[in-house]
2 protein chains.
Amino acid sequence: MDFIEVCKALSNDTRLNIVKWLKNPTENFPPQGGCLNEPVDLKGGVCVSSIREKAGVSQSTVSNYLDMLQRSGLLLSERHGKWTYYRRNEEVIKELAEFIGKEL
Amino acid sequence: MDFIEVCKALSNDTRLNIVKWLKNPTENFPPQGGCLNEPVDLKGGVCVSSIREKAGVSQSTVSNYLDMLQRSGLLLSERHGKWTYYRRNEEVIKELAEFIGKEL
DNA sequence: TTATTATATCACGAAATCTCGATTTGTCAA
DNA sequence: TTGACAAATCGAGATTTCGTGATATAATAA
């Protein structure tokens, strides 16, 4: 985990909120995977357009934010058909808490 | 604690190192309070010029960094005569770890 | 008072980040 | 194959951050 990159990723209200919202996807976003007939294991993942709507920023901005959060390791993404579903990487978030508790 | 401001403050290698170094001041810096005859309770605080030397940046940069770290709450400062001694604010650092563990 | 030292503040150009609209790519359906 | 839609990438102007040298302030010493 690159702590500096994680800090940069979290140094923005919208990006911080995205990470928080994804802690409880069903509370914060509409049901996902709607259009697909096949049952897909989304593991709580949420598609870009749902996140964009909640965040109230442009499509390119949210795409950039999600990429940034993924590159920092905080989020994971999985593509199913037309949609890309993002979810939290709980292991990295746990690492982050441990880093602050021990290394910082 | 303003989490965003803390993240911004930690989004820089030198500033992150300063916070880490101040965890063990006696290991990382020369003895402090040397010129003063009066015994001063520095509580592990380190003066700006010692930090500047260790960090290898200009005086204005380190002063700016220390101000930023203090404004974020991560550091505390105390002036004694000509010197300003900076030390960690362990309570805020604990808050930070708790925030990540619970809120994030 | 004057000189010296420690730190803070100012002003600046360079580099990075922010956020957007436009365009491109990828996927599915007709 | 074409059209429609989701998401990623591109390009750009506005804002912020980076790090510096110069200057100002504050405290001590002579």
Side-chain angles (χ1 to χ4, degrees), chain A residues 2 4-18 22 29-38 40 42 45-72 75-87, chain B residues 2 4-18 22 29-38 40 42 45-72 75-87:
Chain A
D2 184 332
I4 299 279
E5 289 309 308
V6 169
C7 283
K8 285 183 185 173
L10 294 175
S11 293
N12 172 284
D13 262 307
T14 304
R15 289 193 298 264
L16 175 59
N17 278 329
I18 289 171
L22 287 173
F29 301 98
Q32 297 295 307
C35 309
L36 303 169
N37 291 329
E38 32 161 355
V40 170
L42 302 175
V46 177
C47 73
V48 179
S49 30
S50 292
I51 299 171
R52 163 180 142 58
E53 193 170 356
K54 176 103 180 172
V57 294
S58 75
Q59 190 267 319
S60 60
T61 296
V62 84
S63 181
N64 179 29
Y65 283 0
L66 291 168
D67 185 54
M68 198 169 169
L69 286 165
Q70 189 189 24
R71 277 186 285 106
S72 79
L75 297 188
L76 295 168
S77 75
E78 207 168 317
R79 182 144 199 171
H80 290 274
K82 291 198 278 192
W83 292 270
T84 305
Y85 297 91
Y86 284 88
R87 64 181 193 276
Chain B
D2 185 332
I4 299 278
E5 289 309 308
V6 168
C7 283
K8 285 183 184 173
L10 293 176
S11 293
N12 172 283
D13 261 307
T14 303
R15 290 193 298 263
L16 175 58
N17 279 328
I18 289 171
L22 287 173
F29 300 98
Q32 298 294 309
C35 308
L36 302 170
N37 292 328
E38 31 161 354
V40 170
L42 301 174
V46 177
C47 72
V48 178
S49 31
S50 291
I51 299 172
R52 163 180 142 59
E53 192 170 358
K54 177 103 179 172
V57 294
S58 74
Q59 190 267 320
S60 60
T61 297
V62 85
S63 181
N64 180 29
Y65 282 1
L66 291 168
D67 184 54
M68 200 170 167
L69 287 165
Q70 188 189 25
R71 275 186 286 107
S72 79
L75 298 188
L76 294 169
S77 75
E78 205 167 316
R79 183 145 199 172
H80 290 275
K82 290 198 281 193
W83 292 271
T84 306
Y85 296 91
Y86 283 88
R87 64 182 194 275

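Throughout, a chain's letter reflects where its sequence line sits, starting with A, and its residues are numbered from 1. Every heavy atom of this structure was used, including side-chain atoms; hydrogens, water molecules and symmetry mates were not.
For B:Ser58, the side-chain hydrogen bond (donor to acceptor under 3.5 Å, both in side chains) partners are B:Ser60, B:Thr61, not counting sequence neighbours. With sequence neighbours left out, the side chain to side chain contact (heavy atoms under 4.5 Å, CB included) criterion links A:Ser50 to A:Phe29, A:Pro30, A:Gln32, A:Val46, A:Cys47. Shown here are the side-chain hydrogen bond (donor to acceptor under 3.5 Å, both in side chains) partners of B:Gln59, two or more places apart in sequence or in another chain: there are none. Partners of A:Arg79 under the side-chain hydrogen bond (donor to acceptor under 3.5 Å, both in side chains) rule, at least two apart in sequence or in another chain, do not exist in this structure. Evaluation of the salt bridge (Lys or Arg N to Asp or Glu O under 4.0 Å) rule for B:Asp67 yields B:Arg71 as partners, not counting sequence neighbours. By the salt bridge (Lys or Arg N to Asp or Glu O under 4.0 Å) test, B:Glu5 pairs with B:Lys8, sequence neighbours left out.
Using a 4.0 Å heavy-atom criterion, one finds that B:Ser58 contacts the bases of the nucleic acid, with or without backbone contacts as well. Residue contacts shown for B:Val62 are absent, as no nucleic acid heavy atom lies under 4.0 Å away.
Atom pair B:Ile4:CD1 and D:dT17:C1' shows a separation of 16 Å (rounding to whole Å applied). Between the CD atom of A:Gln70 and the P atom of D:dA7 there is a distance of 14 Å, rounded to whole Å. In this structure, B:Ile18 places its CD1 atom 13 Å from P of C:dT7, rounding to the nearest Å. Atom CZ of A:Arg71 is separated from atom C1' of D:dT9 by 12 Å (rounded to the nearest Å). Here the C1' atom of nucleotide C:dG26 and the OH atom of A:Tyr85 are 15 Å apart, to the nearest Å. As a whole-Å value, the separation of B:Lys82 NZ from D:dA29 P is 7 Å. Spacing between atom CG of B:Asp13 and atom C1' of D:dT17 amounts to 15 Å, rounded to whole angstrom units. Between B:Glu53 atom CD and C:dT7 atom C1' there is a gap of 16 Å when expressed in whole angstrom units.
Looking at A:Arg87, its side chain never comes within 3.5 Å of a backbone N or O of A:Leu76 through a donor-acceptor pair.
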Sub-3.5 Å pairs of nitrogen or oxygen atoms, protein against nucleotides 9-17 of chain C:
none

When you look at A:Gln70 and A:Met68, which way does the side chain to side chain contact (heavy atoms under 4.5 Å, CB included) test go after all the steps? CA-CA 5 Å; A:Gln70 189 189 24; A:Met68 198 169 169; over 6 Å; no
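Of the candidates D:dT20, C:dC20, D:dA8, C:dC20 carries the atom nearest the A:Val57 side chain, counting heavy atoms from C-beta on.
Base pairing in DNA chain C yields stems of at least 3 consecutive Watson-Crick or G-U pairs, both distances under 3.5 Å, namely C:1-30 with D:1-30.
Applying the salt bridge (Lys or Arg N to Asp or Glu O under 4.0 Å) rule to pairs touching residues 45-55 of chain A yields nothing, sequence neighbours excluded.
Distances shorter than 4.0 Å separate some side-chain N or O of B:Tyr86 from OP1 or OP2 on C:dA8.
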